[in-house]
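A quick write-up on the structure given underneath.
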Number of protein chains: 2
Amino acid sequence: MATVQGRTAHTKIAALADHGSSARAVIRELLVHGPMARAELARRLQLSPAALTRVTRDLLETATIREAAAAPGATGGRPGTPLEVNVEQHQMVGAKITAEGVYAVRTDALGRVLQGGQRQLSSTDVPEVADAIVDLVNEVAESQPVEALGVGLAGAMSRFDDRARHNLFLGWDDVPLGTMLESACGLPTVISNDVRALTAGVHWSGPARGRDDFAVVTTGVGIGLGLVIEGRMVVGPRGRAGMIGHQRVSGTGPLCVDGHRGCASSFLTTAAITRAVAVAHGDPSMTLARVCTLADGGDPAARRTLAEAGHALGAIVADLVNVMDLPSVILAGDGLPAVIRAQTELEQSLAERLDRHAAMPELRFLVSDFDEWARGAAVVACQWVLLEPPWRRSPDAAARPRTGRERSWQRPRSPVAVHS
Amino acid sequence: MATVQGRTAHTKIAALADHGSSARAVIRELLVHGPMARAELARRLQLSPAALTRVTRDLLETATIREAAAAPGATGGRPGTPLEVNVEQHQMVGAKITAEGVYAVRTDALGRVLQGGQRQLSSTDVPEVADAIVDLVNEVAESQPVEALGVGLAGAMSRFDDRARHNLFLGWDDVPLGTMLESACGLPTVISNDVRALTAGVHWSGPARGRDDFAVVTTGVGIGLGLVIEGRMVVGPRGRAGMIGHQRVSGTGPLCVDGHRGCASSFLTTAAITRAVAVAHGDPSMTLARVCTLADGGDPAARRTLAEAGHALGAIVADLVNVMDLPSVILAGDGLPAVIRAQTELEQSLAERLDRHAAMPELRFLVSDFDEWARGAAVVACQWVLLEPPWRRSPDAAARPRTGRERSWQRPRSPVAVHS
DNA sequence: CCCAGAGTGTTGACCTGGTGAAGAAAGGTG
DNA sequence: CACCTTTCTTCACCAGGTCAACACTCTGGG
């Protein structure tokens with residue numbers, strides 16, 4: 001039983017997952033919206049003040065939350081005592097896998113990075129990558145007890161998956177990575193799509209904190225999309241949501257690798273941008289950094305290429321906003337430093353293509369490195385621990401001792417359909 | 001107190017809304033997925049068999065559900081006795097408002113039409129339209145007790161709104177239609193966007209029955225979109241989701257009214273199609289029916305125009321499927337009979353623009369009249385009654401007698417944010 | 001200064017609704 | 001027939017939420 005209980009047995013602090021559903025809802029609300037008094041929590045969670053008193057007493061006794069200093073804003077009645085989560089007592093590890101290397105961070109429950117590390121990969125074979133992750137997780141997690149591990153990589157995963165599916169860069173499909181890491185690291189482990197993990201990080205404690213509807217669009221090797229609607233990540237019934245790269249943004253332009261003319265990826269990917277500038281300069285060794293330097297120096301080919309990229313990005317953002325009524329869009333990815341140089345064209349194209357009755361979204365730019373992606377995976381692990389019912393937390397639940405809160409009859413075959 | 005209780009007091013049958021949340025979940029599950037044994041319900045709703053026995057006993061006693069004949073498929077153990085909802089005992093009224101007239105239907109809880117009616121409108125003033133609706137509702141609802149009224153019209157409404165907002169065809173904004181009709185008809189009333197109401201109808205008891213992820217795209221005066229993701233209707237934080245009309249589908253083509261070149265509405269709306277054919281024939285009095293006749297007769301201009309429309313529709317469907325991973329798309333609206341003549345071009349354009357890793361969706365065509373839209377509004381009313389907690393059912397809840405299940409402290413200020 | 005008002009937080013009795021365990025019921029199969 | 005599987009029921013129990021009442025702590029007014 002090398003699970004979280006084993007790791008945290010020496011401390012009196014209960015793991016986030018060891019609380020009831022209302023208590024977990026309280027923790028979520030405090031994490032996402034910041035310190036808050038019991039009365040406010042009761043209103044938001046539609047519980048009675050009495051229930052809040054009881055739930056928060058248990059959480060205070062286990063030091064999961066603590067009382068904070070009262071806010072100065074007086075309102076006429078007895079001032080409430082804000083509660084806040086003891087985030088540093090609940091740490092997670094997140095990892096991001098690319099074909100070149102693995103990156104990991106240890107974070108607190110809010111997803112703030114406390115320690116990081118990385119490993120180069122010389123092959124993409126499953127055992128080698130798994131070994132690198134285990135090694136890296138042990139490195140960043142050895143100094144502190146950790147409650148869960150989240151792993152992000154490209155592919156068609158469900159929201160909280162246990163397998164790595166359909167990864168083109170690594171050539172993996174349906175690899176039981178969750179189970180492998182769970183037993184090797186002794187940590188509850190969840191696998192997730194990398195763009196959606198980044199989006200979760202942005203949502204939990206980044207520029208989208210507190211928002212319920214927004215999109216994250218990433219540019220780089222490909223174009224990625226993470227979509228949050230009414231506070232829920234859009235995953236798609238087969239985990240394939242977010243394939244936005246081949247949306248048409250122009251009637252002309254180069255062909256993309258799939259033979260589409262004028263699609264977003266023929267203007268926006270790193271390969272498309274460097275190739276266009278390379279052709280203009282007769283220099284096949286062009287890099288994105290070089291394109292930026294050229295554009296900053298006034299080179300017309302580089303500027304035109306980036307302008308077209310900005311135009312394309314504005315177009316796909318406009319289509320998203322039109323269809324989903326998004327008040328906020330966040331742009332990220334390693335291609336962003338280049339595309340951001342065409343912010344004017346981006347905003348112009350966005351304004352042009354926005355529906356007359358749609359509202360202009362707030363645009364934000366998130367320039368980051370791979371740690372931000374690993375951080376997102378840690379946030380996914382935290383959300384998972386706070387959301388999943390205990391009897392579902394681990395794929396090998398049958399082998400674990402029963403806690404008394406689990407069920408005795410058969411598991412449901414499929415999730416409940418909520419119609420609303 | 002002219003609410004549903006007043007209307008149904010003479011019968012022993014409890015209204016759908018008068019059950020607890022698990023009982024309502026059972027009713028929803030039985031409505032959406034058809035007759036089902038208790039054991040299967042328990043698995044789907046993640047309840048114990050014991051809980052199901054108790055919940056269904058109450059529902060059977062009030063004749064809300066009944067036992068059906070056992071299905072022949074034997075499985076080795078004791079065969080379960082399927083349960084089904086007494087749909088004909090729970091009737092709703094749905095209405096659709098256009099600038100020309102109002103349409104209403106009385107349906108059972110599954111949304112099956114039992115009676116219909118319509119009224120022409122000579123003006124779009126709020127009082128006249130409201131009078132027409134009240135008159136029509138009284139006509140279709142006089143022979144049977146009815147539990148709720150749903151009204152669909154264009155605009156930026158929330159999922160279950162009480163006001164009509166931002167309606168361009170009627171020139172209305174923020175009209176308290178729900179409250180007006182609620183007191184005039186004596187029925188709990190909910191206001192909803194018309195395309196989303198149609199989508200709800202398609203979901204509840206139409207071609208998308210039992211599905212959790214699909215889109216409905218309508219063509220006609222404009223282009224409409226209803227999107228259901230994980231069983232939930234996408235509404236947008238300001239009720240404006242679904243504005244898909246100005247997505248770019250081509251680099252060339254006519255200008256739309258908003259000045260976009262090559263956007264979907266410049267190929268797909270009734271006005272765009274008829275104008276293109278009218279220009280080609282020098283006949284300004286062109287109608288969509290005439291375009292269909294011409295195309296069937298081999299007229300090149302009509303055929304080309306419809307082919308372009310089919311191409312445009314395929315393109316916007318492809319973008320939707322790419323981004324949302326939808327396994328199923330339903331095409332509807334009064335423009336569909338024309339566009340369906342270009343089914344080949346539609347499917348070809350869809351296949352071309354689909355991402356290489358996306359799955360081809362199932363396409364369905366729903367040719368219908370305005371009754372189908374009114375039927376959708378009735379389904380919205382039924383969903384509302386089954387979903388909304390009792391203390392929120394009616395906007396003037398404060399004036400109603402307390403039922404004992406309601407809360408004594410302040411209402412929450414905002415809905416709970418669910419992060420997942 | 002004291003009191004009314006307003007909002008927050010706590011307590012204890014109570015109750016709703018779900019659970020566990022055990023077993024009856026109803027069909028197959030050898 | 002015995003035996004298995006799955007469904008459904010019963011009943012004691014309990015987790016967790018509610019109600020009602022009240023204590024607490026601030027503001028503002030006379």
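Source: prediction; values computed, not measured. A, B, ... follow the sequence lines: proteins, then strands. Residue 1 opens every chain.
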- Message: Can you measure Asp58(A) atom CG to dG17(D) atom P for me and round it to whole angstrom units?
- Response: 10 Å
- Message: Strictly below 4.0 Å: does Arg43(B) bring a side-chain N or O up to OP1 or OP2 of dT7(D)?
- Response: yes
- Task: Report yes if a donor N or O on one partner sits less than 3.5 Å from an acceptor N or O on the other, where the partners are the side chain of Arg78(B) and the base of dT6(D); otherwise report no.
- Result: no
- Message: Does any part of the side chain of Met36(B), heavy atoms only, come nearer than 4.5 Å to the side chain of Arg44(B), both counted from C-beta?
- Response: yes
- Note on the structure: When rounded to whole Å, the CD to P distance for the pair Glu40(B) and dC8(D) reads 10 Å
- Query: Reckon Thr81(B) has a side-chain N or O less than 4.0 Å from the OP1 or OP2 of dC8(D)?
  - Reply: yes
- Query: Closest to the Ala51(A) side chain: dG17(D), dT10(D), dT11(C)?
  - Reply: dG17(D)
- Task: Map Arg57(A) and Gly80(A) onto DNA chain C by nearest heavy atom, then report which one ends up closer to the 5' terminus.
- Result: Gly80(A)
- Item | Step-by-step salt bridge (charged side-chain N to carboxylate O under 4.0 Å, His left out) determination, Glu88(B) to Arg66(B) | CA-CA 12 Å; Glu88(B) 57 280 359; Arg66(B) 61 168 173 256; 3.0 Å; yes
- For Glu61(B) and dT9(D), what is the distance between atoms CD and P respectively, to the nearest whole Å? 12 Å
- Message: Heavy-atom nearest nucleotide on DNA chain D for Ser21(A) versus Gly77(A): which residue maps closer to 5'?
- Response: Ser21(A)
- Message: Quick check for you: to the nearest 0.5 Å, what is the distance between Arg196(A) atom CZ and Met157(A) atom CE?
- Response: 7.5 Å
- Message: For dT10(C) and Arg38(A) - does any side-chain N or O of the residue sit under 4.0 Å from the phosphate oxygens OP1/OP2?
- Response: yes
- Message: Expressed as a whole number of angstroms, how long is the span from Met36(A):CE to dT8(C):C1'?
- Response: 15 Å
- Any Ser22(A) side-chain N or O less than 4.0 Å from OP1/OP2 of dG17(D): yes
- Task: Could you check Thr64(B), Val87(B), Leu83(B) and say which one makes a side chain to side chain contact (heavy atoms under 4.5 Å, CB included) with Leu30(B)?
- Result: Leu83(B)
- Task: Check Trp204(A) against Gly111(A) and note the closest heavy-atom contact, atom names and distance.
- Result: CD1-N, 4.4 Å
- Task: Could you state the atom-to-atom distance from CG of Leu47(B) to C1' of dC8(D) in whole Å?
- Result: 15 Å
- Task: May I have the distance from Leu52(A) (atom CG) to dT10(C) (atom P), rounded to whole angstrom?
- Result: 10 Å
- For Ala39(A), answer base if it contacts any base atom (sugar-phosphate contacts may also be present), sugar-phosphate if it contacts only those atoms, and nothing otherwise; contact means non-hydrogen atoms under 4.0 Å. sugar-phosphate
- Send over the distance from Leu83(B) CG to dT9(D) C1', rounded to a whole Å. 14 Å
- Item | Between C1' of dT18(D) and CD of Gln46(A), the distance in whole Å | 15 Å
- What nucleotide among dT10(C), dG17(D), dG27(C) has an atom nearest to a side-chain atom of Pro79(B)? dG27(C)
